[in-house]
Amino acid sequence: MAKSHPAKFQQDSAPQFPVWASSMVAALTLAISLISLNTILTSTYGSSALAMLRSGLAVLMPGSSAATPAEQPAAVAEESGEQPKYRAIGQFLSRRYRVSSEMTTSVVANAHKIGADLKLDPLLILAVIAVESRFNPLAESVMGAKGLMQVIPRLHPDKFQPLGGEKAAFDTHANISVGAKILKDYLRQTGDIAVALQLYVGASTEQNENGYTDKVMAERDRLTQVLRDFEAKRRTARAQPAKPIAAI
């Protein structure tokens, strides 16, 4: 009995060390392989491979630390596309006219898309909207001018027809599209933005005051300054060095 107890202990305990040791060797071997792979990936694909490698090591070796979002290159976190610009202008308009920022941002995006298609300054379109309706998409005058750009649907059935007819006058995209086309036509005819704006206000509302052009141009100047400030901030943010990624 005394001799059988040590024998049983050795039989139960003997396999435990080789299993632990083999697991450790496998983990270390894999880690070395991953590090070697990282050298190849980094030289080929850049530093983004390092973040992928560290995430893998964190799973295999709980003691290691994966890269946190704060450690990622600034370019990864930076929002791409034109949406940040649209949002900056939209937020300014939202505060100025006390309307929804979601709505104004959508209007800004529409104005830029339509302006690009017509080769018409989108900030001029937005300035006309500001003076005509103060960004109220449901605005309607006693003369029948409707929507953001205060267009009279019965005077422009040909322009509304491809967009769903005159009933689309309160639709944001349709209203801006028709209003911008009308303004573009006046610019082609006159070659003068001041005269074109005077024709526009005469065609869209009953007002035809001399100060209309000044109001529109002053609003466009304000929007231009908002855009300049946004671009300056974005350039400054891009110029700042990215935080270094900690070594493994």
Side-chain angles (χ1 to χ4, degrees), residues 82 85-86 88-90 92-94 96-97 99 103-228 230-231:
E82 297 297 305
K85 177 175 72 175
Y86 300 157
I89 299 172
F92 168 80
L93 293 169
S94 173
R96 180 167 170 75
Y97 295 102
V99 291
M103 186 274 290
T104 53
T105 300
S106 175
V107 170
V108 171
N110 269 284
H112 277 78
K113 172 64 170 62
I114 293 166
D117 292 341
L118 297 176
K119 294 181 173 55
L120 182 64
D121 180 8
L123 299 186
L124 179 62
I125 297 173
L126 293 170
V128 170
I129 293 173
V131 174
E132 288 285 352
S133 68
R134 298 181 65 85
F135 287 87
N136 176 7
L138 301 179
E140 185 171 6
S141 76
V142 294
M143 297 297 292
K146 298 179 179 181
L148 290 167
M149 295 194 73
Q150 288 292 277
V151 179
I152 300 178
R154 70 175 183 273
L155 299 180
H156 306 281
D158 58 323
K159 290 182 172 63
F160 275 108
Q161 194 278 330
L163 300 171
E166 296 181 20
K167 63 183 179 181
F170 289 113
D171 176 78
T172 297
H173 178 79
N175 191 279
I176 297 174
S177 180
V178 172
K181 287 177 181 177
I182 295 169
L183 182 57
K184 180 68 175 182
D185 286 346
Y186 289 143
L187 280 169
R188 286 197 191 100
Q189 294 171 20
T190 66
D192 186 289
I193 191 170
V195 177
L197 287 170
Q198 285 298 319
L199 289 173
Y200 185 90
V201 72
S204 63
T205 73
E206 62 183 347
Q207 294 178 328
N208 197 7
E209 56 184 288
N210 293 329
Y212 180 81
T213 297
D214 292 338
K215 290 179 182 178
V216 172
M217 299 309 292
E219 189 68 18
R220 188 178 71 164
D221 289 345
R222 277 188 284 269
L223 295 175
T224 299
Q225 187 58 53
V226 171
L227 185 56
R228 286 173 180 165
F230 168 78
E231 294 293 353

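FYI, the numbering just counts along the sequence from 1. Since the structure is predicted, the reported quantities are computational estimates derived from the model, not experimental observations.
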J.: In sequence, state the C-alpha distance, the side-chain angles, and the governing distance for T172 and V107, and then conclude on side-chain contact (heavy atoms from CB on, under 4.5 Å).
T.: CA-CA 7 Å; T172 297; V107 170; 4.0 Å; yes
J.: In chain order, what residues pass the side-chain contact (heavy atoms from CB on, under 4.5 Å) check against R96, with sequence neighbours excluded?
T.: F92, E219, R222
J.: Tell me, do T104 and Y97 make a side-chain contact under 4.5 Å, heavy atoms counted?
T.: no
J.: So which heavy atom on G147 is nearest to which on S133, and how close?
T.: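 Nearest pair, atom of G147 first, then S133: O-CB, 3.7 Å.
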J.: Which value, rounded to the nearest 0.5 Å, describes the distance between Q225 atom CD and D221 atom CG?
T.: 9.5 Å
J.: Got L93 and V108 here, is their nearest side-chain heavy-atom distance under 4.5 Å?
T.: yes
J.: Check whether any side-chain heavy atom of I193 sits under 4.5 Å from a side-chain heavy atom of M217, and report yes or no.
T.: yes
J.: Can you spot which of L126, V128, V201 makes a side chain to side chain contact (heavy atoms under 4.5 Å, CB included) with V216?
T.: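 Running side chain to side chain contact (heavy atoms under 4.5 Å, CB included) over L126, V128, V201 with V216 returns exactly one hit, V128.
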J.: Taking all non-hydrogen atoms of both residues, which atom of V151 and which atom of H156 are closest, and how far apart?
T.: CG1-CD2, 3.8 Å
J.: State whether a side-chain donor-acceptor pair under 3.5 Å links Y212 with E132.
T.: yes
J.: Quick check for you: to the nearest 0.5 Å, what is the distance between L199 atom CG and I182 atom CD1?
T.: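 The CD1 atom of I182 is 11.5 Å from CG of L199, to the nearest 0.5 Å.
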J.: Can you see which heavy atom on F170 is nearest to which on P137, and at what distance?
T.: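 Heavy-atom minimum between the residues: CD2-O, 3.4 Å.
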J.: Only counting residues at least two apart or in another chain, list the ones meeting side-chain hydrogen bond (donor to acceptor under 3.5 Å, both in side chains) with K85.
T.: E82
J.: What residues, two or more places apart in sequence or in another chain, satisfy side-chain hydrogen bond (donor to acceptor under 3.5 Å, both in side chains) together with E140?
T.: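 Checked E140 against side-chain hydrogen bond (donor to acceptor under 3.5 Å, both in side chains); zero matches.
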J.: Can you name the nearest heavy-atom pair linking Y86 to A109, along with the distance?
T.: CD1-CB, 3.7 Å
J.: Considering residues at least two apart in sequence or located in another chain, which fulfil the side-chain hydrogen bond (donor to acceptor under 3.5 Å, both in side chains) criterion with R188?
T.: D185
J.: Could you list the donor-acceptor pairs under 3.5 angstrom formed by side chains in residues 173-181, with sequence neighbours left out?
T.:
| from | atom 1 | to | atom 2 | distance (Å) |
| --- | --- | --- | --- | --- |
| H173 | ND1 | N110 | OD1 | 2.9 |
| N175 | OD1 | L148 | N | 3.3 |
| N175 | OD1 | M149 | N | 2.8 |
| N175 | ND2 | K146 | O | 2.8 |
| N175 | ND2 | A169 | O | 2.7 |

J.: Does the side chain of Y186 come within less than 4.5 Å of D192's, by heavy atoms?
T.: no
J.: List, one per line, each side-chain donor-acceptor pair under 3.5 Å for residues 116-125, sequence neighbours excluded.
T.:
| from | atom 1 | to | atom 2 | distance (Å) |
| --- | --- | --- | --- | --- |
| D117 | OD2 | K113 | NZ | 2.7 |
| D121 | OD1 | L123 | N | 3.0 |
| D121 | OD2 | R220 | NH1 | 3.1 |

